[in-house]
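The structure appears below as structure tokens.
Everything numeric here is computed off the predicted structure, so don't read it as measured data.
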Amino acid sequence: MSETTQQPRSGIARHIPLLVILTVATVGFFTLGDYLTFETLRDNREALLTWRDANYWAMAVAFMAIYIVVVAFSLPGAAVASMTGGFLFGLVAGTAFNVFAATVGASAIFLAARWGLGQALTARLETSEGSIKKLKDGLRENEISVLFLLRLVPVVPFFVANLVPALVGVRFRNFLLTTALGIIPGGIVYTWIGVGLGGVFDRGETPDVSLLWEPFVMGPIIGLCVLAALPIVIKYLRGRKDV
């Protein structure tokens with residue numbers, strides 16, 4: 001009797017981390033939009049810079065902790081957080097802090113989804129046949145390339161690139177590797193914009209995120225997307241040749 005009642009509880013318990021993330025993300029979407037903004041950063045920049053100068057590593061740890069929470073709970077303001085890293089710590093350190101925090105936060109979402117819905121969905125995929133089996137096998141064969149593409153293609157929302165791999169059963173080590181490396185190009189661009197925020201605030205202007213779509217920025221990112229997709233294309237062409 002005790003075994004019968006314990007199994008459902010453990011099943012429900014597996015979903016708790018993902019349910020917490022979804023609940024906090026929903027609440028945060030409606031309540032934090034007015035706080036994690038460029039205006040908040042502008043209004044508090046002198047205090048932030050003063051504290052950074054007096055307590056550099058304490059500020060760095062606090063910044064990364066906040067960034068991890070923003071990413072892990074898919075809260076609004078991730079772009080502002082990335083630019084804040086550049087504003088406070090410069091291009092090199094800011095990029096390193098941004099990439100580390102974003103990778104940790106993304107891993108938290110991945111693991112929460114894997115422990116919950118991911119386990120059940122992966123089990124179903126493993127026993128599936130037909131077109132679903134072909135899709136699953138294709139993903140397994142090109143896992144790293146597909147994960148890199150999810151990170152590099154700008155139109156894929158960050159939280160989607162965190163959740164989908166967990167739900168279809170990709171290996172965590174591959175997810176971790178492609179996340180840490182795949183977000184570096186975008187991380188550099190956002191951090192770079194953040195480095196110049198002080199001058200933007202002094203002129204009373206709003207940061208111009210349209211820079212992300214300039215050819216000299218998008219060109220290299222598109223090139224990386226092509227490189228990531230190349231192994232998939234080569235395998236596909238070889239498969240057709242063997243038929």
Side-chain angles (χ1 to χ4, degrees), residues 7 10-22 25 64 67-74 78 82 95-188 221-239 242:
Q7 200 158 11
S10 62
I12 294 173
R14 286 203 310 269
H15 297 286
I16 290 176
L18 185 58
L19 289 173
V20 170
I21 286 177
L22 293 175
M64 286 187 285
Y67 198 151
I68 289 170
V69 170
V70 168
V71 173
F73 292 101
S74 299
S82 296
T95 300
F97 296 156
N98 284 339
V99 170
F100 174 80
T103 301
V104 173
S107 299
I109 298 180
F110 178 94
L111 292 174
R114 167 63 57 82
W115 290 331
L117 291 175
Q119 282 187 343
L121 187 55
T122 300
R124 290 189 180 184
L125 288 174
E126 292 297 337
T127 58
S128 61
E129 298 295 336
S131 58
I132 295 179
K133 184 178 186 300
K134 290 181 180 179
L135 181 62
K136 177 198 70 178
D137 293 341
L139 176 62
R140 292 283 168 80
E141 290 175 7
N142 305 284
E143 196 168 89
I144 290 181
S145 296
V146 172
L147 290 172
F148 266 128
L149 281 173
L150 285 175
R151 291 302 178 192
L152 292 170
V153 176
V155 295
V156 178
F158 194 66
F159 75 93
V160 171
N162 296 332
L163 282 176
V164 171
L167 297 178
V168 297
V170 305
R171 298 172 185 86
F172 176 66
R173 64 176 180 273
N174 289 343
F175 174 84
L176 186 64
L177 173 67
T178 55
T179 298
L181 297 179
I183 64 176
I184 288 176
I188 291 174
I221 293 178
I222 292 173
L224 290 172
C225 290
V226 172
L227 286 176
L230 196 57
I232 302 175
V233 175
I234 292 174
K235 285 183 181 179
Y236 174 75
L237 293 176
R238 284 179 177 172
D242 293 338

| field | T178: partners by side chain to side chain contact (heavy atoms under 4.5 Å, CB included), with sequence neighbours left out | value |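 Scan of T178 (side chain to side chain contact (heavy atoms under 4.5 Å, CB included), adjacent residues dropped) gives I144, L147, F148.
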| said: Under the rule for side chain to side chain contact (heavy atoms under 4.5 Å, CB included), what residues qualify as partners of V156, not counting sequence neighbours? | reply: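 Listed in chain order: L150, V153, V160, A161.
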| message | Between S82 (side chain only) and A78 (backbone N and O only), is there a donor and an acceptor less than 3.5 Å apart? | response |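 It does hold such a pair.
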| field | Qualifying salt bridge (charged side-chain N to carboxylate O under 4.0 Å, His left out) pairs with a residue from residues 159-169, counting only residues at least two apart or across chains | value |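 Qualifying pairs: none.
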| field | salt bridge (charged side-chain N to carboxylate O under 4.0 Å, His left out) pairs, two or more places apart, involving residues 171-185 | value | E143-R171
| request: Work out which heavy atom in I109 is nearest to a heavy atom in S74; give both atom names and the distance. | output: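 So the minimum-distance heavy-atom pair works out to CD1-OG, 3.7 Å.
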| Closest approach of A180 to I183 (non-hydrogen atoms, all atoms of both residues) | O-CG1, 4.0 Å
| Does anything in residues 152-166 pair up under side chain to side chain donor-acceptor pair (under 3.5 Å), and if so which pairs, sequence neighbours excluded? |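 Qualifying pairs, neighbours excluded: R151-N162.
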| task | Show your reasoning for whether side-chain contact (heavy atoms from CB on, under 4.5 Å) applies to S107 and T179. | result | CA-CA 9 Å; S107 299; T179 298; 5.9 Å; no
| said: Test: ring-ring contact (aromatic ring centres under 6.0 Å, His included). Region: residues 149-174. Which pairs qualify, not counting sequence neighbours? | reply: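 For residues 149-174, and leaving out neighbouring residues, the ring-ring contact (aromatic ring centres under 6.0 Å, His included) pairs sorted by first residue read F110-F172.
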